Amino acid sequence: MITLKRAHLRVVARTHPGIRGKNNEDRYAVSAYRFPPPDPRRSLLAVVADGVGGHQAGEIAAEIAVEEISQKVASSDGLDPLASLKEAIVQASDKIFQQSYKRSEQDGMAATCVCAWIIEDQLYAAAVGDSRLYLLSQGNIRQLSIDHTWIREALDRGFITEAEAVDHPNQHIIRRYLGSQKTVIPDTRLRLQENETDQEAEANQGMHINPGDLLLLCTDGLTDLVEDREILETLEKNPLEKGLESLINLANERGGHDNITVVALQLPENYQSPAQKKTR
C-alpha cells in the first residue's frame, strides 16, 4: 500500500481523558493509502483501542494495538482486506501478551480494539472487546459491531432483561480482549439487522456505504453514558467537529468516568468511484 497525505473520506477525531483524573489510555490512528499502479483505488484505515491495566500499562497495550494493526495493513497488498485485518489483530494481541509476560510492571495489560478499513466505498471491519463501530445513514444509526461483554452475552441468552442490564454490577466485564494468553478471535460480524445469523452478518463484509454516510468508531467512555439515539441526534444537528465535541461534553456532564475517544469517517456527498470517474 502507498501512503497518501490526503484521505478520500472526511476524517474528524477527538479524544478526552474524562473528568475523573484518569490517565488517557485510549489510542487511535487513521491512515490513508492507495493501491500500487495500475490499480487506482484508495483506502483508509481507522483503528481505535482502549487500554486496560494499571501503572500506565493500559496505554502501552493500546499503543501496541494501534501501531501493529496499522503497520500490518500498510504492508499488505490489500487484495484480501478481511484476512489482513484478522491477521493484524491476532499479531497485535500476541505482541501485547508477550510484552506483558516479560515485564512485571506491565503484567495483565490488555486492550479492546475496533478497526474499519474502507476501500473506496466498501467497508471491512473487525472488533475485539466493547469499542464500537456505528453506521449513521439516512437518519438512522446502527451499531455494526457486537460487544464482547458479560452483559451482551446475558442479554442474547435471555438471562437478563434490558432494564436489568442498566447499572448491572457485571456491566464492565469484557469477555474478549487483545493481550490474552489464548489466540484472540477477531469478530468480523457486521450486524445490519437484529435477526441476522452470524453467517449473514459476516457476509456483510465489503458492504457499500453511500455518499454522505458516516462511520463512527468509539470507546465505551462514550457509549456507557450516551445513548445511540443521542449520538444520532447530536451529529445530525451539528457540524461534525462540533458534534464530536458535544458528545464528549455530554459524557463528561454525566460523570466522565472513563476516557472518551470518537473517530468519524464520512464519505463525501460528491464521492465518485474510480470507475465513475473513467466514464466522465
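Just so you know, these numbers come straight off a predicted model, no measurement behind them. Numbers here simply count residues along the sequence, with the first being 1.
- Leu244 has its side chain within reach of Leu235: a pair of non-hydrogen atoms, C-beta onward, lies under 4.5 Å apart.
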Inset, instruction - Before giving the answer on side-chain contact (heavy atoms from CB on, under 4.5 Å), spell out for Arg14 and Glu241 the whole-Å C-alpha distance, their side-chain angles and the decisive distance to 0.1 Å. - result: CA-CA 9 Å; Arg14 297 288 186 272; Glu241 293 86 349; 3.6 Å; yes
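- Residues Ile209 and Val263 fall within the same hydrophobic cluster, defined by Ile, Leu, Val, Met, Phe, Trp and Tyr side chains chained together at heavy-atom separations under 4.5 Å.
- Between Arg191 and Glu200 there is no salt bridge, since no side-chain N of the basic residue sits under 4.0 Å from a carboxylate O of the acidic one.
- Residues Val262 and Ile248 have side chains in contact (heavy-atom distance under 4.5 Å, counting atoms from C-beta outward).
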Inset, instruction - Take Arg10 and Glu269, measure what salt bridge (charged side-chain N to carboxylate O under 4.0 Å, His left out) needs, and give me the verdict at the end. - result: CA-CA 10 Å; Arg10 185 183 180 194; Glu269 293 281 359; over 6 Å; no
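- Between Glu25 and Ala62, the closest heavy-atom pair is O-CB, 3.3 Å.
- Shown here for Val226 and Arg254, the closest heavy-atom pair between the two residues is CA-NH1, 3.9 Å.
- His16 contributes atom NE2, which lies 5.0 Å from atom CG of Asn252 (distance to the nearest 0.5 angstrom).
- Each of Asp187, Asp147, Thr112 was checked for a side-chain contact (heavy atoms from CB on, under 4.5 Å) with Arg176, and the lone residue meeting it is Asp187.
- The distance from the CE atom of Met1 to the OG atom of Ser84 is 9.0 Å, given to the nearest 0.5 Å.
- In plain terms, the two heavy atoms of Glu68 and Lys95 that are nearest each other are OE2-NZ, 3.0 Å.
- Atom OH of Tyr177 sits in a sparse spot, with 12 or fewer heavy atoms from other residues, nucleotides or ligands closer than 6.0 Å.
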Inset, instruction - I would like to know whether Leu215 and Leu135 meet side-chain contact (heavy atoms from CB on, under 4.5 Å); could you show each step before the answer? - result: CA-CA 5 Å; Leu215 294 166; Leu135 172 65; 3.8 Å; yes
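- Nearest heavy atom pair, residue Thr188 against residue Ala126, reads CG2-CB, 4.2 Å.
- Contact check for Tyr134 versus Leu232: no side-chain heavy atoms found under the 4.5 Å cut-off.
- Under the 4.5 Å side-chain criterion, counting only non-hydrogen atoms from C-beta, Ser131 is not in contact with Thr261.
- Using a 4.5 Å cut-off on side-chain heavy atoms (C-beta onward), Ser76 and Trp117 make contact.
- Put simply, CD1 on Ile64 and CD on Gln91 are 13.5 Å apart, with the number rounded to the nearest 0.5 Å.
- In summary, of the residues considered (His8, Glu120, Gln266), a side chain to side chain donor-acceptor pair (under 3.5 Å) with Tyr271 occurs for Glu120 alone.
- What you find for Leu9 and Pro268 is that their closest heavy atoms are CA-CD, 4.2 Å.
- Between Thr15 and Asn24, the side chains place a donor N or O and an acceptor N or O closer than 3.5 Å (distance only, hydrogens not considered).
- Taking SG of Cys115 as the start and CG of Leu85 as the end, the distance is 5.5 Å to the nearest 0.5 Å.
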Inset, instruction - Would you check, one step at a time, whether the test side chain to side chain donor-acceptor pair (under 3.5 Å) holds for Asp26 with Thr219? - result: CA-CA 8 Å; Asp26 288 354; Thr219 56; 3.1 Å; yes
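- Side chain of Gln193 to main chain of Asn195: no donor-acceptor pair is present (N/O by atom type, distance under 3.5 Å, no hydrogens or angles).
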Legend entry - Trace of the side-chain contact (heavy atoms from CB on, under 4.5 Å) decision for Val73 with Ser31: CA-CA 10 Å; Val73 168; Ser31 309; over 6 Å; no
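- Residues Val47 and Ile260 fall into different hydrophobic clusters, defined by Ile, Leu, Val, Met, Phe, Trp and Tyr side chains chained together at heavy-atom separations under 4.5 Å.
- From Arg189, atom CZ reaches atom CD of Glu202 across 7.5 Å, with rounding to the nearest 0.5 Å.
- Using a 4.5 Å heavy-atom threshold, the side chains of Arg132 and Cys218 count as touching.
- Following chains of ILVMFWY side-chain contacts shorter than 4.5 Å, one can reach Leu45 starting from Val90, so the two form part of one hydrophobic cluster.
- Under the 4.5 Å side-chain heavy-atom criterion for grouping Ile, Leu, Val, Met, Phe, Trp and Tyr, Phe97 is not connected to Leu178 through any hydrophobic cluster.
- Rounding to the nearest 0.5 angstrom, the gap separating the CD atom in Glu233 from the CD1 atom in Ile231 is 10.5 Å.
- Hydrophobic clustering of Ile, Leu, Val, Met, Phe, Trp and Tyr side chains at less than 4.5 Å, counting indirect connections, unites Met109 with Val184.
- Under a cut-off of 6.0 angstrom, the local environment of NZ in Lys242 is sparse, with at most 12 non-hydrogen atoms contributed by other residues, nucleotides or ligands.
- For the pair Leu192/Leu144, a side-chain contact is recorded, criterion being any heavy-atom separation below 4.5 Å from C-beta on.
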Inset, instruction - Just do the side-chain contact (heavy atoms from CB on, under 4.5 Å) check on Glu196 and Asn204 with the steps written out, would you? - result: CA-CA 10 Å; Glu196 283 181 332; Asn204 291 326; 3.1 Å; yes
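- Closest approach of Leu133 and Ala116 over heavy atoms only: CD1-CB, 4.4 Å.
- Counting only heavy atoms from C-beta outward, the side chains of Leu267 and Asp121 approach each other to under 4.5 Å.
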